[in-house]
Amino acid sequence: MAGEDDGNTTNGRRRRRTRRSAVRLSKLYSYACGRRPSVADDHSVSRIGGPGFSRVVMVNAAAGEPPAAADLLQHQQQITATINSISTTKYNLFTFLPKSLFEQFRRVANIYFLLSAGIAYSPLAAYDSSSAIAPLVIVLVATMIKEAIEDWRRNQQDTEVNNRTTQVFQQGGDAAWSFRDAKWKDIRVGDIVKVHKDEFFPADLVLLSSSYEDAICYVETMNLDGETNLKLKQSLEVTSTTLPDDDSFRSFAGAVVRCEDPNAHLYTFVGNIEIDGQQHPLSPQQLLLRDSKLRNTDFVYGVVVFTGHDTKVMQNSMKVPSKRSNVEKKMDRVMYLLLFSLIVISVVSSVFFGIATGDDLQDGRMKRWYLRPDDTEIYYDPNRPAVAALLHFFTAIMLYGYFIPISLYISIEIVKLLQALFINNDIHMYHRETDTPAHARTSNLNEELGQVDTILTDKTGTLTCNSMEFIKCSIAGTAYGRGITEVERAMARRKGAPVIANPDNMDKGNNSGIQQQQHFLSSSDSEGNNNKLAVKGFNFVDERVMGGNWVNQTRSDVIEMFFRLLAVCHTCIPEVDQESGKISYEAESPDEAAFVVAARELGFTFYKRTQTGVSLRELDPSSGKQVDRSYKILNVLEFNSARKRMSVVVKNEEGKIFLFTKGADSVMFERLSGSESAYREVTQQHINEYADAGLRTLVLAYRELKEDEYAYFDRKFTAAKNSVSTDRDEKIDEAADLVERDLILLGATAVEDKLQKGVPECIDKLAQAGIKIWVLTGDKMETAINIGYACSLLRQGMKQITITLETADIIALEKVNDKAALTKASKDSVARQINEGKKLVNASSGESFALIIDGKSLTYALEDDTKDMFLDLAVGCGSVICCRSSPKQKALVTRLVKTGTGKVTLAIGDGANDVGMIQEADIGVGISGAEGMQAVMASDVSIAQFRFLERLLLVHGHWCYSRISSMICYFFYKNITFGVTLFLYDAYTSFSGQPFYNDWAMACFNVFFTSLPVIAMGVFDQDVSARFCLKFPMLYQEGPQNLLFQWRRIIGWMLNGVACAVIIFFLSTASLQHQAFRSDGEVSDMATLGATAYTCIVWAVSLQMYITVSYFTLVQHVCIWLSIALWYIFLPVYGAITPSFSTTYYMVFVEALAGAPSYWVVTLLVTAASLVPYFTYAVVKSWFFPDYHNRIQWLRHREKAKAHPDPETSADVELSQVLRQFSVRSTGVGVSARRDATAVLRHLNVDYSQSPTLGAGVVVVTTDR
Amino acid sequence: MDSHAAGSSSGGSGDGAAQPRRNSRKPKYSKFTQQELPACKPILTPKWVISVFVLVGVIFVPIGIVSLRASQQVVEIVDRYDDACVPAGVTDKLAYIRNDSIPKACTRNLTITKDMKQPIFVYYQLDNFYQNHRRYVKSRNDVQLRDKSKASETDNCDPEAKTVDGKPIVPCGLIAWSLFNDTYNLIRNNETLSVDKKDISWKSDRDHKFGSHVFPMNFQKGPLQGGKILDSKIPLSKQEDLIVWMRTAALPTFRKLYGRIYVDLKENDAITVQLENNYNTYSFSGKKKLVLSTATWIGGKNDFLGLAYLTVGGICFFLAFAFTLLYLIKPRKMGDNSYLSWNRATLGR
């Protein structure tokens, strides 16, 4: 039944399949397909069954015949036990309690509190035990609840993935075997699965057959390595012929796959498959990896070899690490300091106590007889003062424990949760197109967002959209195309013009002034909007060649050939929609598709590919009519990274043989014929311009081949293709080289690897904020460099240091296959290149450098002895681009930066290949909204677009950092204030350990009377508004340089606490010492004096807020006054409870304090006096030594006072100058730097710099967001 | 919708984006979630700073003056008698005070320095007496004091919890045991001034902490006698000296109310104090003082409070003045950010 269903639903697929099966693509390709296993592979095949290669998979074991041997069966059971469900959670039901408790007690403070709780239950307790343990329990439970909620969310995402469905060959209810939907988590090793187009592979599969007759399939591995090119996989012939469709599996007798054990190597796979007693070797060519996606292929059959956490992608990912922010780590150090001072004062206290206790009884004479030193417990034994002192030490530790703010952690957790809520709800970080808001997944890193020093970013899907657009071309020396790239748009926006003309075109002076161009562009823009960007992959606007106008151009012959080449020289497959007749293309890479689409749009429609040829519908220049032409494809010389070009040899209808070639300029120009160089120079110049704008350029050239010339080549080429020796590729290369020469230049294309919206501006802002940006990509070096240009991470005039192993001598060594020598030579080469780079950097002054390194070199650069050197070099460079890097390398680079510089790193990526670095970095940011979820699941924060990083870091990051650090400082302040008064009082009790205040009043200090305002500060305070945060990106540097949480500030606050405590204690005790404090003559006792001092503390630390906070919302006011009010509520309420509970505070307020004017007068005096020192300090600081944010506050104030909110229109020249100085900083990278550089260039050349905003070289932010 | 192969041209295919999303995850706009709540952003401008200081000064100086005047209206007569009441020639004061057989009567003559309006408060003041010692403070049992039936609850009271033969002591503990036992008899012109000892303790103590049916039991029966012996006929709630005593003092120097005199005293009145010097402060070199004092709204004599107010007010005036000067002489220069640390750093290479 299921089989029939399947048949019905896939009717459409069938139809297409029949058509497509005519094409045996594997025959077309010369390199990638049909390659035999190399010698090295043969070696590994022999290792199967040995250690590390022990996996045996019974294919379709349930359906097939019983396995041969018992031990095999056992093995089988073992591996099928590994289920395919994955889990990325930190805890499970059983580990939650111990593990989260362990996490809790990684915090020193909590250990301390546990200890003091232990003391509380001993006779050493300074105060009531339940009041001592209650805060700890509250804090622990609250934190654990928070952890549980966060982990539950992760679990839900796992469940989503685990419950995806795929088709598995299994027995249904009617005992018939067919492909039925099954959940991913139910897939077992040995199952046969059928995966349809655009589905993810649920596990690591060995490809058995596909919808293509030659059993190839296209796979997108973007989630694994970030590469956008589709990978071609092909199954073994033996499986593809026996298992072509669903039915064939019913009679499939089963097979045995023997292969390597689970490992993390994405690009290797060793194994064999035994069918009917015959063994056939398997290679990575047959392996389909989990989390990669089937493309361009209707369906494939595969057998599951690795499941769940055994899959290569999961093996590549690491356990979710528990990350802690730097601020928190530093806070721990502060805690150590506090613990240390706590111990010091406890020791002091104990020593004095010991002396006093020892003095009490001398030679049987009691000194303080009222203490009965003659008859004591050990704790006060004057005969053993040392023991008494030692025991007293613990009492003191508990008593002065208010030094350590117990509620700090929980308050921080609460604040961070709320901060995360703000991040999640920020409307400016919501992406409408994908309906994705930002999401802070783990909130404990919020403040780290404000301290990022280095951003490591993935390219594809993060910086770029992974779509290519044909945007410009240069044909016969004339530049066409007026599309605007994202980077140009960004520069225009910085200049203040709504849209700018392309300066490249303007330089040509093509009859258009600025206004005209702008008019033209804006109109085309709106047009584009109406048609909702007419064609995907095509963003080319030029009326000179569009709509058939090209025939009127001077070199129409070249243009014709150019377009024809675009339509012919590729490996795409057209798909014709039967109803509408629309043609779409399936291509290995998006840029290839962009070419064919461009050709179609320009009048050369490629609509049919057969085994032997392609058919085009061309515009005939002479007749002006559409004609159908077909070209016989004789050979395809495909693209690979070494050749950097692709060619096709075609025969047209007239029997002429042409070689069409497109390739990188570096290889193409040397292959041009010497004579044909009329527009070579101009083309080269255009290419440079395109490349600088971040466009991907290809040079197009052709050549006509004579019959005999071709015959000679064909012979050679066929021979090379059929050879079986190891140097097969070289032979093919040689043959190709025969014809790919003396080419005639047609022109160049420029394809935009479309950047995501706002990326250049965002990068510019981040650069302005002093954040370094590294690009780590799996892509080719060329692509990476292009994007570097597009993002303005690279620009003309920047010195590029390229470290690569694609050098001649290394390649030569590779061929020799001498591993040791190769390693050594590679290593030396990398080390040498690094050294040279360093010399360059050291010798320069003020120049900008860019470091570009490829994956292979990275392997060596990351080795222990070179990595420091490498890091040194990289840190000295303005921008760093690592290309062709594997997921593991990305993680290693991240680790290197993190540990090497000790600064905060942020990794951002979207695919599973970025998971490693996302987890390794201090903060991992995942791009959500795209298809893969791995990156998001591993990340700490997810955002929909790279550009949101700007707001996330500059606004939220800065706020969180500034809030949290102020908050922590304040916490230390208030607790020290409280703790020191306890200590001072204890000194007056001969250090006996008597608390100044009532037990429960003390227990409530942190939780009720002082936590609200500080939490409100942590949630609401804004030292600088969001607008100004973005306007003055330099402000961000307060974070990376940790100015707000440096020791000076922390100690300063602590000293402030000590000063406050001293003032409060001495002023209140001196004011209310022994005389009557009421007109009725009553004197103050311990309870009244303590309550008075406590009142003063509550007032002082609450009002301190008014000096600390710079942003007062109503909430803030309410919190401050509420906590003061709470104290006044607590006192009478607690005092009204039965005296056996409220003990000394029974009726203390109502009866004694409230009616005593001196109580109120003392409160006013002490509160004011304790605030004067800090207030004075704050004034001096803000007037004479302002921090950066203080300066911005002053600016805002002055701006408002002048009533000129917009500095640009302000008549106040000085102010606008100040603003400029404040907001712009020269950076090595980014749009601003690029504009500065070009401005200087232009200034020298043309009058372009007359534009008022450009003249200054720097531009103040013009539009507020 | 990018479900087609990369690069495939999806020509006119309708896009789902145009349809209104029903379950949009778009964050709701509110001033709260967008952190745009209206707020005031105070900044320490000269105007503000100087006004604040001046304001504090303006408030504090008058309060200081008023407090000081109130304190100076208080007449306080302090007489230290611990040394003076030991007969001359006694070398071992400790032995003297411990010897119950020696009568401890002592006479002190005081002269009133200024007119004193009634009520006049009689205090005794002890120095260097650690009523706030943790062992001492804890050495009581509130349950026992309040409830007649809980007499045997003597936790925390060691070593004054039980008599040698194991009977519970009421009130137990060191505090009660060491109750002050000097007595004063004030005589003016041969006429005894009656010292009213009623209501010298807090009402809440009398009503709720010390039971009206709890009578002293086995008190001061131990081998070592502490202080005063309580009349076992009078319930604890009426033993106001004990109640006052058991409100432990905060500091080692403290006064406790002994009683009140409802008679005005004139300047130069001679007061004779007949006192019994029983209480041992000699072993820990504590002082004993008798204090006669009036009180005003602010309480007893204490110039400190007024002076402190004047000082703080003065400091504020001074700071206001200093900041004004600074502001006039050396106005802040804005925009000079050349010394900001990160401008020197070579970040933007």
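Lettering follows sequence order; numbering is per chain, from 1. Note that this is a predicted model, so its numbers are computed, not measured.
- In this structure, Arg372(A) forms a cation-pi arrangement with Trp177(B), its terminal cationic atom sitting closer than 6.0 Å to the ring centre and no more than 45° off the ring axis.
- Judged by distance alone, with hydrogens and angles left aside, the side-chain atoms of Arg368(A) form no donor-acceptor pair with the main-chain N or O of Asn128(B) at under 3.5 Å.
- Ala295(B) approaches Ser1079(A) most closely through the heavy-atom pair CB-O, 3.7 Å.
- In this structure, CG in Leu224(B) is found 9.5 Å from CG in Asp375(A), a value given to the nearest 0.5 Å.
- Minimum heavy-atom separation, Ser1025(A) to Lys41(B): CB-NZ, 4.3 Å.
- Looking at heavy atoms from C-beta onward, Ser1140(A) lies in side-chain contact with Arg146(B) at the 4.5 angstrom threshold.
- In terms of heavy-atom pairs under 4.5 Å with chain A, the best-connected choice from Gly313(B), Cys40(B), Ala308(B), Ser285(B) is Cys40(B).
- Contacts with chain B were tallied for Tyr379(A), Phe1020(A), Phe996(A); Phe1020(A) has the most, counting heavy-atom pairs under 4.5 Å.
- Interatomic distance, Ser1071(A) OG to Ile298(B) CD1, rounded to the nearest 0.5 Å: 9.0 Å.
- For the pair Ile427(A) and Lys26(B), the minimum side-chain heavy-atom distance is below 4.5 Å.
- Taking a 6.0 Å sphere around OH of Tyr29(B), one finds it holds more than 12 heavy atoms contributed by other residues, nucleotides or ligands.
- Residues Asn132(B) and Tyr985(A) form a side-chain contact, since some pair of their non-hydrogen atoms from C-beta on lies under 4.5 Å apart.
- When atom types are taken as modelled, the side chain of Lys209(B) and the backbone of Thr1143(A) share a donor-acceptor pair closer than 3.5 angstrom.
- Side chains of Leu251(B) and Leu1089(A) form a contact here, defined as non-hydrogen atoms less than 4.5 Å apart.
- Between Leu1067(A) and Phe304(B) the shortest heavy-atom distance is CD2-CZ, 3.6 Å.
- Side-chain contact between Pro46(B) and Trp1183(A) is present, with at least one heavy-atom pair separated by less than 4.5 Å.
- The two atoms that bring His133(B) and Ser990(A) nearest to each other are CD2-OG, 3.5 Å, heavy atoms only.
- Looking only at distances, a side-chain donor or acceptor of Gln1022(A) sits under 3.5 Å from a matching main-chain atom of Gln35(B).
- Heavy atoms from other residues, nucleotides or ligands lying under 6.0 Å from CH2 of Trp297(B) number more than 12.
- Annotation: maximal heavy-atom pairing with chain A below 4.5 Å, among Val312(B), Val244(B), Asn302(B), occurs at Asn302(B).
- In this structure the side chain of Glu377(A) reaches within 4.5 angstrom of the side chain of Arg135(B), judged on heavy atoms.
- Options Ser178(B), Gly226(B), Ser201(B), Ser283(B) differ in how many heavy-atom pairs under 4.5 Å they form with chain A, and the most are formed by Ser283(B).
- Proximity of Leu305(B) to Val1162(A): side-chain heavy atoms (C-beta onward) are separated by under 4.5 Å at one or more points.
- Using a 4.5 Å heavy-atom cutoff, the side chains of Leu319(B) and Val1179(A) are not in contact.
- In this structure, Leu44(B) and Phe1175(A) approach most closely via the heavy-atom pair CD2-CE1, 3.7 Å.
- Between Tyr123(B) and His1074(A), the ring centre distance reaches or exceeds 6.0 Å.
- Rounded to the nearest 0.5 Å, atoms CD (Gln1193(A)) and CD1 (Ile43(B)) are 5.5 Å apart.
- In this structure, CD in Gln1075(A) is found 12.5 Å from CZ in Phe121(B), a value given to the nearest 0.5 Å.
- One finds the CG atom of Asp1085(A) at 7.5 Å from the CH2 atom of Trp202(B) (value rounded to the nearest 0.5 Å).
- The most heavy-atom pairs under 4.5 Å with chain B, out of Leu1114(A), Ile1107(A), Val1161(A), Thr1176(A), come from Val1161(A).
- Between Trp369(A) and Phe284(B), the two ring planes are tilted [angle within 30° to 60°].
- Taking all atoms of both residues into account, the shortest heavy-atom contact from Ala1087(A) to Arg247(B) is CB-NH1, 4.4 Å.
- With hydrogens and angles disregarded, no donor-acceptor distance shorter than 3.5 Å links the side chain of Glu1082(A) to the backbone of Gly299(B).
- Note: Tyr370(A) and Tyr136(B) have perpendicular aromatic rings, judged against thresholds of 30 and 60 degrees for the angle between ring planes.
- With chain A as partner, the option from Thr253(B), Asn280(B), Leu257(B), Asp205(B) having the largest number of non-hydrogen pairs under 4.5 angstrom is Asn280(B).
- Of the two parts of Ser139(B), neither the backbone nor the side chain holds a non-hydrogen atom closer than 4.5 Å to a non-hydrogen atom of chain A.
- Counting heavy-atom pairs closer than 4.5 Å to chain A, the top residue among Phe32(B), Phe129(B), Phe53(B) is Phe129(B).
- Atom CG of Leu421(A) sits about 8.5 Å away from atom OG1 of Thr33(B), to the nearest 0.5 Å.
- No part of Asp986(A) comes within reach of chain B, as not one of its non-hydrogen atoms sits under 4.5 angstrom from that chain.
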